[in-house]
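Presented below is the structure to which this report refers.
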Amino acid sequence: MSDTPSPANAPDTPAAANFVRDLVRADNQQGTFGGRVQTRFPPEPNGYLHIGHAKAICVDFGIAEEFGGVCKLRFDDTNPVTEETEYVDAIADDVRWLGFEPGEPLYASDYFEQLYLWAEHLIITGFAYVDDQDSDTISVQRGGYGKPGIESPHRNRSVDENLALFRRMRSGELPDGSHVLRAKADMQHDNMQLRDPIMYRIRHEHHHRTGDQWVLYPTYDWAHGQSDAIEGVTHSLCSLEFDSHRALYDWYLEHLPLPGDQPRQTEFARLELTYTVTSKRKLRQLIDDGVVEGWDDPRLPTLRALRRRGYPVSAIRNFCEFIGVAKTNSRHEIELLEWFIRNELNRTALRRMAVLQPIKLVVSNWPQGHVERIELVNNPENPADGVRTVEFNGEVWIEDDDFKAEPPPKYFRLTPGSEVRLRGAFFVKCTGFTTDADGNVTEVQCTYDPATRGGNAPDGRKVKATIHWVSTAHAVPVQAALYERLFAAEVPGERTGDPFDDIRPNSKVVRAGVAEAALGEVAPGQVVQFERLGYFAKDPAGDNLFHRTVGLKDEWANVQKRTK
RNA sequence: UCCGGGGUCGUUCAAUGGUAGGACAGCGGGUUUUGGUCCCGCAUAUAGGGGUUCGAGCCCUCUCCCCGGAACCA
């Protein structure tokens, strides 16, 4: 472990064993990179970061931090048609939100000139050539799995001819798709990546940073390892699908006069979650189709959405540390993430009472006009959070769910004749109820026991339920956005191939409710617990809109499920 | 079809030739002024065959299954 002080948001979960950590430690012991550790987080600026990136960020930055090295944010901006500046700032902002310092971002596009020079070097040393066949032809010549490729008729152009053509490619006089630069590797290789891969393509496109300076753009494979080498990266950590690219990563590096040590690529499994999609394309489609309201819609797994929804950074980081790093393709249950969220919020969130589906409860024997001031603890898990006062005047809103005229089995709450505790106030006993023309309960009548003030009976009698309430005379309005999972299937799209077939209708429901007066003091972005309902984050834009971060564990729901 | 990477409780991560363990989920119980939290307990796993070894989840071998790979995407 590093002996630098932990940042405020550092996980408190003990560092678990994982193979990347072991590998870096072994490198340090053997002096592979002179004890140096440098990693990078290399997103393409073509979308917002999501929970899957959070894991990558935690691994990339975390490993560097742990071994006293550095991790830099580098934008892999080699494809001008998909990338936008809009995302650059947002990505750096999200990294910072996670509690890591990305520093001044780096860009692969800053290395275009060096890359170009190295490409000429490969041409001169006989390891690259210009091909002017079309992409279909090249594709066919590549062969297939178990079938060797055949060499391009242009594979053995002279160095001079290659150089001249390559310079014309750069000059802009040649049209898109007419020529490519290819590595001269091995058309018979079992690994298709080594069958003379494309290094450069011509694109007359405006680049978000280099503008119209280039028409020649490097491919990912040609840019990535070289960028790592230029920056002095030692451990290039990436996801599993690049496994078969590693041979090419190494091939390029071995054929170049590098300024320092040759970086090494190591692959690990990306984070997948049940009931969630993380592909940028699908996320974008959800937005474009209007299924959700934007990149920060709390139903999305984007970091912007999770932030708005009230997910604490520390919980996200604890989760990422806890799940570890492995090479197994896996999909974690979203319940585990939610457990980390609750675990954190249970310790930190202040308790408040809010009623989201109000029905009126009237205490018939309450002294006319009398108001009791009742003290409630802000957080039973943290006495330092102190107390607050709520007022009680014998007429309150209670949750529709907390009264049943005909109780199901094991129902502990209010029913005709039953006695419950109004949190912090009194025991009340149900004496009757009123319904409207459709049979819906509109009002519940009770009597209270004055001896139970504060919620304890001097005679020692117990109640089986405590319910929350809001004084009708002191209520403030609250809007609560309740979110269910966006998808109804653990693996969206598994059934039909299209995740959109598994979209759950009504994944967002907004309720207009009431809350105790103290809710008005909650700051934008702050998360509080609505007692017995869940954790809710006040929308950053203010007003009185709250997003449900996550519900409380609901044993009653399990009971109902079991008795069904 | 060829190459590569994987396969341990329901899920996921450990165990690095020496008692298969944790967490979440589930189930049961206790505490409780949140059917929350907390506490205690229960059940469930080394894909299969052969081999090496005193001893194998781990090493060898064969088989099976899953994932990735033939963009001028990353």
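In the text below, chain A, chain B and the rest are named by the order of the sequence lines, each starting its count at 1. All values below were derived from every heavy atom in this structure, side-chain atoms included, with hydrogens, water molecules and symmetry-related copies excluded. Please read these numbers as outputs of a predicted model, since none were measured by experiment.
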Practice item. Examine the base of U34(B) for any acceptor or donor lying under 3.5 Å from a partner atom in the side chain of Gln529(A), and report the outcome as yes or no. Key: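 Donor-acceptor pair under 3.5 Å: yes.
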Of the candidate nucleotides [options], which contains the atom at the shortest distance from the side chain of [X]?
X	options	value
Glu44(A)	A14(B), C73(B), G26(B)	C73(B)
Tyr145(A)	G6(B), G10(B), A70(B)	A70(B)
Lys553(A)	G35(B), G36(B), C72(B)	G36(B)

Check your understanding: Phe268(A) CZ to C13(B) P: how many Å, rounded?
Key ->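 After rounding, the gap between these two atoms is 13 Å.
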Review point. Starting at CG of Leu336(A) and ending at P of C9(B), how long is that distance when rounded to a whole Å?
Key: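 Going from CG in Leu336(A) over to P in C9(B) covers 17 Å.
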Would you say [X] reaches [N]'s phosphate, i.e. side-chain N/O to OP1/OP2 under 4.0 Å?
X	N	result
Arg203(A)	C73(B)	yes
Ser330(A)	C13(B)	yes
Arg142(A)	C72(B)	yes
Thr78(A)	A74(B)	yes
Ser139(A)	A71(B)	yes
Arg562(A)	C27(B)	yes

Check your understanding: Taking the six-membered ring of Phe427(A) as reference, does the NZ or CZ atom of Arg421(A) fall below 6.0 Å from its centre and within a 45° cone about the axis?
Key ->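 Ring-cation test returns no.
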Exercise for review: Cation-pi check, Arg170(A) to Tyr116(A): give yes when NZ or CZ is under 6.0 Å from the six-membered ring centre and within 45° of the ring axis, no otherwise.
Suggested key: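 Geometry flag: set, cation within 6.0 Å and 45°.
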Practice item. For Trp556(A) and G35(B), say yes or no: do the ring centres fall under 5.5 Å of each other while the ring planes differ by less than 30°? Key: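 Yes; centroid distance and tilt both under limits.
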**Study point:** Pairing nucleotide - C42(B), Watson-Crick or G-U, each distance under 3.5 Å
**Key:**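 Because both required distances fall under 3.5 Å, C42(B) counts as paired with G26(B).
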Exercise for review: Remember a base hit wins even if backbone is also touched, and classify Val325(A) as base, sugar-phosphate or nothing at under 4.0 Å, heavy atoms.
Suggested key: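 Counting heavy atoms under 4.0 Å across all strands, the contact made by Val325(A) is with sugar-phosphate only.
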Check your understanding: Where does the angle between the aromatic ring planes of Phe112(A) and Tyr217(A) fall among parallel (under 30°), tilted (30 to 60°) and perpendicular (over 60°)?
Key ->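 Plane angle over 60°, so perpendicular.
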Exercise for review: Syn or anti for A71(B), please, going by whether the chi angle lies within 90° of 0.
Suggested key: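 What A71(B) shows is a syn base, its glycosidic angle lying within 90° of 0.
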Review point. Picking from Gln141(A), His179(A), His154(A), what satisfies side-chain hydrogen bond (donor to acceptor under 3.5 Å, both in side chains) with Gln133(A)?
Key: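 The option that passes is Gln141(A).
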Practice item. State the OH-CZ distance between Tyr411(A) and Arg413(A), to the nearest 0.5 angstrom. Key: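 So the gap between those two atoms works out to 5.0 Å.
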